[in-house]
There are 2 protein chains.
Amino acid sequence: MGAPRPIEKLTLSVQVAERLRGDILAGTHGPGEQLHEVELALSLGISRGPLREAMQRLVQEGLLKSIPHRGVFVVDLSEDDMLDVFFVRASLEEAAIRRLVGGDDGGGGDRAATARRLTVISERMDRAMRGGDHARGGDLDLEYHRTLVDAAGSLRLSRTYATVQAETRLCLHRLMGGYRSRDDLAVEHFRLAELIGSAPVEVILPELHRHFGDPAAILRRLRQDAPDAAPDAEQRQDR
Amino acid sequence: MGAPRPIEKLTLSVQVAERLRGDILAGTHGPGEQLHEVELALSLGISRGPLREAMQRLVQEGLLKSIPHRGVFVVDLSEDDMLDVFFVRASLEEAAIRRLVGGDDGGGGDRAATARRLTVISERMDRAMRGGDHARGGDLDLEYHRTLVDAAGSLRLSRTYATVQAETRLCLHRLMGGYRSRDDLAVEHFRLAELIGSAPVEVILPELHRHFGDPAAILRRLRQDAPDAAPDAEQRQDR
DNA sequence: GATTGTAAGATTGTCAACAATCAGTCTCAC
DNA sequence: GTGAGACTGATTGTTGACAATCTTACAATC
C-alpha cells in the first residue's frame, strides 16, 4: 500500500484548454476558423479571462494562431507546414530510438519492455482495424508512436513530441476525412516493435523512415488526386 | 527599395513575457523564487491580467513552474533536468545537421553559406573572449548554435530549440556564476564550422558531441568541486 | 502533548466593465 | 470617379473588484 497520490488540481483555464484541444483535434473547429472569445465563453459558461489563458496555451502548442487585435484562429497548415511537422516528428522519434537503443539507459532504457508494450498496442491496433474501427485504430497508432518516444525517458522530448503529434493530427485531417490503412501497415508496426527489442540502431532507423514514407511524395500524390478524395492503394498513411 | 515591413504589433502580454524572460535569464529572479503577481504587476505598472498571460507563456517555455492556487515560480532545475536539457539540445542540433548536410535542401540547405556565417560568429566570439568580454562571448556562443539549427530551415525545430536554449542558459547559471572558457573551445567552433561546410555527417556528429562534452561527467565533477566554485581547467563549458 | 477545528491573512483565479483596435461603410471635397 | 477622413460596430486587450483557495496561527478537546 504505497503513499496516496496527491489529487491533481486543475485550474479552469487548463480544463478549457484540454476541452478546446479535443474539439480542434476532432475537427469541431476547422482550419482557419476564428474562435470568438465572447461567443465561446458564453457557450462554455465561463468568463473570457480563463478562456484567453486557455487559448494562449493552444497558441503555444501550435494548434491556434493569434493575431493581435484580430483574434485567434485555428491554424491552417500549408503543405510546407506539414512537411515541417513530419520532419520534426521523425527527428524526435529518431532521437528517442537512439537514446533507447544507444545504451544510455537514461531512464526508459528497457528495450525489451518497450518492445512488449509496442507489440501489445500493435495487436490492439490490428484488431481494431480488422473490426472496422478505424478511428480507434488511428488513436492506437498515435499511442504506439508516443509510447516509443516516451520510452526514451526524456521529459522534454516527450513534451515536444506531444505538441508535434497534435499538429500531426491536424495534418491528417487535412490530408483526408478519415483513416484508411493498408494491411502491411500493421505488419510494419509489429516489425518495428521487434527491431526495437534487439536490433542495432542502423537497422531500426531505415525501417522507421520506410514506415513513415516520403512526406513530400505523399503530398504530391494527393495533389494529383485532388478531384477524387479517395486515395489509391499505393499511398502511405500513418501518424 | 523593397516593400516596407509591416510594424509588428505586440500585445502587452507578449512584451511582458519578453521582459520577464530576459530578467529570468539574467538571474534577476533566481531558481525557486516565486513571482508574486500583485507585487510584480505594481512594479511593472500594469494589471495582473496581461502579467498572468505573460507568465503562462514562460511556463510553457519551461522557465517558470505554475502550481495552482500557490503561485508561479522560477524553475529550479535538478541535475536530471539538466541532463535532459543537454540531451534534447544535442538531439535537436543533430537533427538540424542531418537535415542541412543530408541534401534534403529543405529550405536552409546551403552548407557553404552556413559555414561562412558560423565562421564569422566564431571570429567575433574569439575576439570577445580575447578581449575579456566573457558575457559577449557567451551570447555569441548561443548565437552560433542557434544559427546552426536555424540553417536546417525547420520552423518547428528552431522554435523548440529556442525554448531549450533558454533552459540551457538556466542550467549554465546553475553550473556557475559566469562563463569561463578554454582556448580550444574557439578552435572547436572554427573546426565545426568548417566541417559543416563540406564533411559527411558521420564526421560532423562525433565532433559535435565531443564539443558538447559528456554532461553527466561535467555534473559529476562539479559535485566533487562543490566547496570550491572555481572549475578546473579540465572542464568543458559550452552551450 | 497530540490532534482537530476555526479564523485570518495572503495570494491566486475569475468575472464584468471599460478601453483600444480594426475593418467596413459612408460622406465629402477635389 | 477617386481618395481621404470620419464614423460605426464588432472584437480583442486591459483593468479593478470580487470569489476561491491555501497556509499559518490559535483555540478547543481528548
Side-chain angles (χ1 to χ4, degrees), chain A residues 3-21 23-24 28-76, chain B residues 3-21 23-24 28-76:
Chain A
R5 274 208 304 215
I7 293 180
E8 189 178 5
K9 281 177 284 264
L10 304 175
T11 58
L12 192 53
S13 72
V14 172
Q15 294 173 63
V16 171
E18 282 173 8
R19 167 68 181 280
L20 278 186
R21 192 185 294 114
D23 287 348
I24 290 164
T28 307
H29 300 289
E33 179 177 333
Q34 177 165 8
L35 303 191
H36 295 279
E37 294 184 8
V38 175
E39 183 182 308
L40 196 50
L42 254 186
S43 68
L44 293 172
I46 64 173
S47 80
R48 283 173 49 221
L51 174 61
R52 288 180 60 82
E53 289 184 22
M55 291 199 292
Q56 164 59 32
R57 289 169 187 272
L58 299 183
V59 166
Q60 277 181 274
E61 286 179 26
L63 296 184
L64 296 180
K65 177 188 170 83
S66 167
I67 303 174
H69 293 289
R70 288 269 316 275
V72 174
F73 304 79
V74 178
V75 291
D76 192 354
Chain B
R5 276 209 303 221
I7 294 180
E8 190 178 7
K9 280 176 285 263
L10 303 175
T11 59
L12 193 51
S13 71
V14 171
Q15 293 173 64
V16 171
E18 283 172 7
R19 167 68 182 279
L20 279 185
R21 193 184 293 114
D23 288 347
I24 290 163
T28 307
H29 301 290
E33 179 177 332
Q34 178 166 7
L35 303 189
H36 295 278
E37 294 183 10
V38 174
E39 182 182 309
L40 196 50
L42 255 185
S43 70
L44 293 172
I46 60 171
S47 79
R48 284 172 49 221
L51 173 62
R52 287 180 60 83
E53 289 185 19
M55 290 198 293
Q56 165 59 30
R57 288 167 188 272
L58 298 184
V59 166
Q60 278 181 274
E61 286 178 25
L63 296 184
L64 296 179
K65 177 188 169 85
S66 166
I67 303 174
H69 293 289
R70 288 268 319 275
V72 172
F73 303 81
V74 178
V75 291
D76 192 354

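The figures that follow rest on heavy atoms only: side chains count, while hydrogens, waters and symmetry mates do not. Chain letters run A, B, ... following the sequence lines, proteins first, then strands; residues in each count from 1.
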By the 4.0 Å heavy-atom rule, please label G49(B) as base, sugar-phosphate, or nothing. base
Whole-Å gap separating C1' (dT11(D)) and CD (E39(A)): 11 Å
Sugar-phosphate, base or nothing in reach of V38(A), heavy atoms under 4.0 Å: base
Interatomic distance, CG@L44(B) vs CD@E39(B), rounded to 0.5 Å, equals 10.5 Å
Check every atom of dT12(C), dG13(D), dT14(C) against the side chain of P68(A) and return the nucleotide holding the closest atom. dG13(D)
Selection: residues 51-59 of chain B, any non-hydrogen atom under 4.0 Å of DNA chain C: R52(B)
For I46(B) and dT14(D), give me the distance from atom CD1 to atom P, rounded to whole Å. 8 Å
Here the distance between atom P of dA19(D) and atom CG of L12(A), to the nearest Å, is 17 Å
Could you tell me the separation between the CZ atom of F73(A) and the P atom of dC22(C), rounded to a whole number of Å? 13 Å
Quick one: bend of the helix from dG1(C)-dC30(D) to dC30(C)-dG1(D) from 5 pairs per end, to 10°? 0°
If you round to the nearest 0.5 Å, how far is CD of E18(A) from CG of L58(A)? 10.0 Å
Applying side-chain contact (heavy atoms from CB on, under 4.5 Å) between L40(B) and each of D23(B), V16(B), L51(B), report the one that passes. L51(B)
Between OG of S13(B) and CE of M55(B), what distance do you get to the nearest 0.5 Å? 11.5 Å
Distance in Å, E33(A) CD paired with T28(A) OG1, rounded so as to fall on 0.5 Å steps: 9.0 Å
Backbone N or O of L10(A) within a donor-acceptor pair of the Q15(A) side chain at under 3.5 Å? yes
Can you tell me the distance, in whole Å, between the CD atom of E37(A) and the P atom of dA16(C)? 15 Å
Pair up each side-chain donor or acceptor in residues 62-76 of chain A with any protein partner under 3.5 Å, not counting sequence neighbours, and list the distances.
from   : atom 1 : to      : atom 2 : distance (Å)
D76(A) : OD1    : R174(A) : NH1    : 2.8

On DNA chain C, does the nearest nucleotide to S13(A) precede the nearest nucleotide to R70(A) from the 5' side, or the other way round? Give the residue. S13(A)
Once you apply a heavy-atom cut-off of 4.0 Å, does P50(B) come out as touching a base, just sugar-phosphate, or nothing? base
State whether Q34(B) places a side-chain N or O below 4.0 Å from either non-bridging phosphate oxygen (OP1 or OP2) of dT12(C). yes
Could you state the CZ-C1' distance from R48(A) to dA19(C), rounded to the nearest angstrom? 11 Å
State whether S47(B) places a side-chain N or O below 4.0 Å from either non-bridging phosphate oxygen (OP1 or OP2) of dT14(D). no
Euclidean distance, atom CG of residue L42(A) to atom P of dT11(D) [Å, nearest integer]: 12 Å
Are T11(B) and E53(B) close enough that some pair of their side-chain heavy atoms sits under 4.5 Å apart? no
If I take atom CG in residue L10(B) and atom C1' in nucleotide dT12(D), what distance separates them, rounded to the nearest angstrom? 15 Å
If we ignore angles and hydrogens, is there a donor and acceptor under 3.5 Å between the side chains of R57(A) and Q56(B)? yes
Scanning both residues in full, the closest heavy-atom pair of A54(B) with A17(B) reads CB-N, 3.5 Å
